[in-house]
Amino acid sequence: MFNLIDTNRSFKEIADEVRSYWKEYGIQHKSLKTSLGNKPFRFLEGPPTANGRPHLGHAMTRAIKDIILRYKYMTGHEIFGRSGGWDCHGLPVEIEAEKHFGFNSKKEIEEYGIEAFNAYCSKSVFTYIDEFKEVDSQIGFWIDHDRDYITLKRDYMESEWWALKTMFEKGLLFKDYKILPYCPRCGTSLSSHEVSQGYEEVSDISVYVRFKVTGEKDTYILAWTTTPWTLPSNQFLVVNPKIDYSLVSYKGSNYYVASATAGRLFPGATLVKEKIRGKELVGIKYDQLLKFIKPFDGNLQVVGADYVTVEEGTGIVHTSPAFGADDFETGKRMKTRIINPVSSEGKYNDPSLPWYGMSVMEANPKIIEYLKKEGLLFKTEKIKHTYPFCYRCHSPLIYYPLDAWFIRVSENREKIVDTNSRINWYPNHLKNGRFGNFLSEAKDWSLSRNRYWGTPLPIWKCKNGHYEAIGNLKELAERSGRELDDLHRPFVDQLKLKCLQCGSESAREPYVIDTWFDSGSATYASIGYPRYSGETHIPVDFITEAIDQTRGWYYTLHVISTLLFNSNAYNNVLTIEFVLDSNGRKMSKSEGNSILAMEALQQNGPDPLRLFFMFGVPWKTRNYDIRLISEISRKTLSTLLNVYSFFASNANLDRFEFKQLKVSEDPLDQWILSRLNSTIRSCNDYMEAYLPHEAFRSIMELIEQVSNTYLRLSRRKFWAEEMTEQKESAYSILYSILEKISLLLAPIAPFTTEYLYRSLTHEESVHLKMYPAPTEESIQPELEKKFSDVLSVIETVRRMRQKAGIKGRQPLTELLLNGSFRIEEPLIEIIKPEINCKTVRFVEEKDMPVTSKIKLNYATVASILKGNIKKVEEELSRTDPAKILEAVRKSGNATVAGFSLAADQILVEAIPQPGFIYDKDEKTGFSLFLNTTIDADLAREGLSRELIRRIQVMRKELSLEYDDRISVFIDAEPATSEDIRGSLETISSETLADEIQLGSAGEGQLWDIDGTKVKILVRKNGK
RNA sequence: GGGGUUGUAGCUUAGCUUGGUUUGAGCACCCGGCUGAUAACCGGGAGGUCACCGGUUCGAAUCCGGUCAACCCCA
């Protein structure tokens, strides 16, 4: 017996029931611990930081990961890395902790104590881990959370130490003094991939300031800057030696600017000197702008550099080597010491400045005011530009000189570009586009952070500048004489070594490393390579994350793997775009329009949500739209459950049991099997190519055809009382279709398919079965094409009936077809009942029930015939059109009333003979002639069909079971009664009536059938 | 300023790789019909300068060039 199902249950209810079944019988566990084959498949989970709540985007990536993993399981793969991962370190965590304690500076953290602070971080990073796991359970993401990798665990960090030591020894790790993007609030530098996540568009005030040329009256050099706070430390002005500058006289003063900017800056000014090459300006000395900090020797002069452009500003760049990478280079070249009046908290620390103690961002407007007051300001301009902000705390970053450790990436660009060539990117354009571009411009990775909560940099340094890297705990114990359990700060800081080179004491470099190094190490650290595992997961077969990871995880995984293992980290990577809100806006916490994963799951149920994620291309944004979500699952899952419900209730009545697929010769059966198998084939292809959304699309199409074509056309087979061969075949096909679709759809909608599959087969689980393989010999492309022709003809006839005002219930005698090919007899049999015609046949062109009427094509003929048009037309109306057409066909033209008419000069109009209507089917090109003559017999038959339908409606209104039997009483005009009497048998068998009485219907319902009044009463008799 | 992606009906979209009848669906709207599984379905109506301009071609939504717009990334 097949389980009967309630088609009105919500998908959420079904999922809840299935989830508890899985739990009770350990189905998920079985899937995680077993495999159906031994092909290896390596997966890697991108680790979230669980100090924020999971939102809709998390749900989407997790759904797609699950779809791929379930498919791989079902295709006999042994899956490695089917576990979770948690990213635990880093600034994001520290910032949450600072908020918790109300701290605003590093000083406060240190006063509170690093140990206690880190202890809090270590706890808070798991605040929402339970909610993440709950989302996984709700959405059906089957991974083994008992084997999650956790980046703060000793084993994990030890692997990283191994990696860092290896890099150190290969010379890939180096320390340098550089200008780095720096967050003054967090007190640490950021790497380029972190900076790239924090650009925002802001409007700032930029200033044009005049530097007075030393010893020349009223002559200035005009420079432009968007960071007035760097002006107190101005050391140079830079021009481009290759471009032209002018000296301009404007309101009583002379200014040097790039010629290209003069017109814009000084409207209506007079030129004093034109076309001064930049290099002629080099060496000019100027007076200090803000006379507070004493400059060094050789400062305050114009120097040349070719990075200067004229697009913005004046073509002359104010240079403060402490606060810009280019500026720093200039300072280096000029061999000067750097003026840096700004502390690591971002405040002026030079007491000679009037803004002493102020943060530079606070000082900005004050400095502008001062410049104005002192007459140093030429003008200000509001500009909109993108500026980097700290991606976590939102403070504006400054460029700041620092000692920092770097990974030598730039020298290895070729390698990382090369290993990228081995990766399959979905979508492909990322490979050489966004990602490839980023790789080819890769900068050295600034790795060290002046912070607390992170993997400590395992490098010790002695007073003589000798460095040593430590690769694991054992080594550390040997070198320091102390065992350590926890590698974190502050414990590791306390360990001193004896320098191997000079014997003096060495202390750890006080940094932690970029948390992106943690997650980027997951390919080897997640399994504790090399200490706990002899192998890595490099390269994994598949990862998928959202688009923002191009510069994040995708990048760090790739760089680390290339540098350490000379390999790409992953072979296939699928990138997902964001889910936007219902108005197409980006979801964000601050906007208050973000949607939590749990919310969406509660609202829609897991499967509808998963289908929504599979609807359309993953790498295009989609708007969260609950109406669309329910529409998609209604079209697929609801339809599928209804097909099953129909199957199950009928099959149970007939005591059908599935033993094997029995295929009849019926083209309908052949067709649906072909469709089923071609869908299975394309699903396999798409899933192999990491295109699950394409697989879903093809399944959707199949479900639609099964329900609306196959089942509808097969319905009559199921009404037969006894088990016919046809019926059995149809059952077995329907069973097979439901089974295969459950399997095909199982990775995408795991809950509903489980429910369906188990109701159908009583097997343990759809998820422990092999993915279906196509039966190639069942695929008949030719038949699939023919079948769509059949459907097209049916549609056209329905349209013709509509136009002629003849209902579908009214039987007609014949449909005649003419075309360039024919539809074979068995398929004709499908057309007949659908269009309610007794015969459907093809005729030759000459036998078409049509008279051609030939008209003149005035457009081509008018100018030739002129006054003779009337005459020709008269002659034409007397001539047999067939003769004219024959002549045109043979010789290219026909002679009418002495005039020769070519093919393009006549128009042929087909006029169907009386009793026929004509139309053309566009898909097949067939001409269709429908005989619309309704004689008394046909009319009587039509009437009985009308009655049957009314009685069926009444059955439904009485909520009768489909096998309940009834008695019917019909009250009508005597003439109508006579007509009805002839069809009593048909009516009673169609409506399961034991008896039909003509006469008084008493309390019956009055119907108006096209003007004929009939009163009908239906009474239930039981089964 | 540089790079990438996208642009098809009110909305969601297919077709573009490989040029070939009149760009195909779904939702919503209106009219009509069908129904012994269905939350369905079928027919008709209205709604498209396939973003725009140019080129290649017998023929362009599709290929090429340019422009515009939106989004994303970089500087």
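Proteins get letters first, then strands, A, B, ... in listed order; numbering begins at 1 in each.
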Mind checking the [atom1] distance from [N] to [M]? Whole angstroms is fine.
N: B:A61; M: B:G48; atom1: C1'; answer: 11 Å
N: B:A9; M: B:U49; atom1: C1'; answer: 13 Å
N: B:U6; M: B:A14; atom1: C1'; answer: 16 Å
N: B:C73; M: B:C58; atom1: P; answer: 45 Å
N: B:G59; M: B:A70; atom1: P; answer: 35 Å
N: B:G65; M: B:U56; atom1: C1'; answer: 11 Å
N: B:C52; M: B:U8; atom1: P; answer: 10 Å
N: B:C27; M: B:U35; atom1: C1'; answer: 22 Å

Nearest whole angstrom, please: distance from the [atom2] of [N] to the [atom1] of [X].
X: A:Lys635; N: B:C27; atom1: NZ; atom2: P; value: 4 Å
X: A:Arg634; N: B:U38; atom1: CZ; atom2: C1'; value: 11 Å
X: A:Ile951; N: B:U35; atom1: CD1; atom2: P; value: 13 Å
X: A:Leu738; N: B:A37; atom1: CG; atom2: P; value: 16 Å
X: A:Leu791; N: B:C42; atom1: CG; atom2: C1'; value: 12 Å
X: A:Leu640; N: B:A39; atom1: CG; atom2: P; value: 16 Å
X: A:Phe435; N: B:C72; atom1: CZ; atom2: C1'; value: 17 Å
X: A:Leu734; N: B:A37; atom1: CG; atom2: P; value: 13 Å

Specify whether [X] and [Y] have parallel, tilted or perpendicular ring planes, treating 30° as the upper limit for parallel and 60° as the lower limit for perpendicular.
X: A:Tyr426; Y: A:Tyr690; value: tilted
X: A:Trp671; Y: A:Phe787; value: parallel
X: A:Tyr555; Y: A:Trp445; value: tilted

Kindly point out which of [options] is positioned nearest to the side chain of [X]?
X: A:Arg551; options: B:C74, B:C41, B:A37; value: B:C74
X: A:His429; options: B:C41, B:C73, B:U5; value: B:U5
X: A:Leu711; options: B:A37, B:G4, B:G26; value: B:A37
X: A:Asn642; options: B:U38, B:C27, B:A14; value: B:U38
X: A:Asn708; options: B:C41, B:U12, B:A14; value: B:C41
X: A:Phe615; options: B:C41, B:C27, B:U12; value: B:U12
X: A:Lys620; options: B:U38, B:C74, B:U6; value: B:U6

Does the structure show a Watson-Crick or G-U wobble partner for [N], both distances under 3.5 Å? Name it, or say none.
N: B:G54; value: B:C64
N: B:A39; value: none
N: B:U12; value: B:A25
N: B:C71; value: B:G4

ask   = Got a salt bridge between A:Glu631 and A:Arg634, using NZ or NE/NH1/NH2 to carboxylate O under 4.0 Å?
value = no
So A:Arg622, base contact, sugar-phosphate only, or nothing? Heavy-atom distance under 4.0 Å. nothing
Q: Check every strand shown and say whether A:Ile547 touches a base, only sugar-phosphate, or nothing at a heavy-atom separation below 4.0 Å.
A: nothing
Between A:Ser638 and A:Arg434, the residue closer to the 5' end of RNA chain B by nearest nucleotide is A:Ser638
Result for 5'-nearest mapping on RNA chain B, choosing between A:Thr621 and A:Arg9, is A:Thr621
Geometric cation-pi criterion A:Arg622 and A:Phe615, 6.0 Å radius, 45° cone: no
Exactly one candidate in A:Leu943, A:Val968, A:Ile996 meets side-chain contact (heavy atoms from CB on, under 4.5 Å) with A:Ile987; the answer is A:Ile996
Any N or O donor-acceptor pair under 3.5 Å from the base of B:A37 to the side chain of A:Ser707? yes
Yes or no on side-chain hydrogen bond (donor to acceptor under 3.5 Å, both in side chains) for A:Asp444 and A:Ser410, after CA distance, side-chain angles and deciding distance? CA-CA 5 Å; A:Asp444 285 334; A:Ser410 57; 2.8 Å; yes
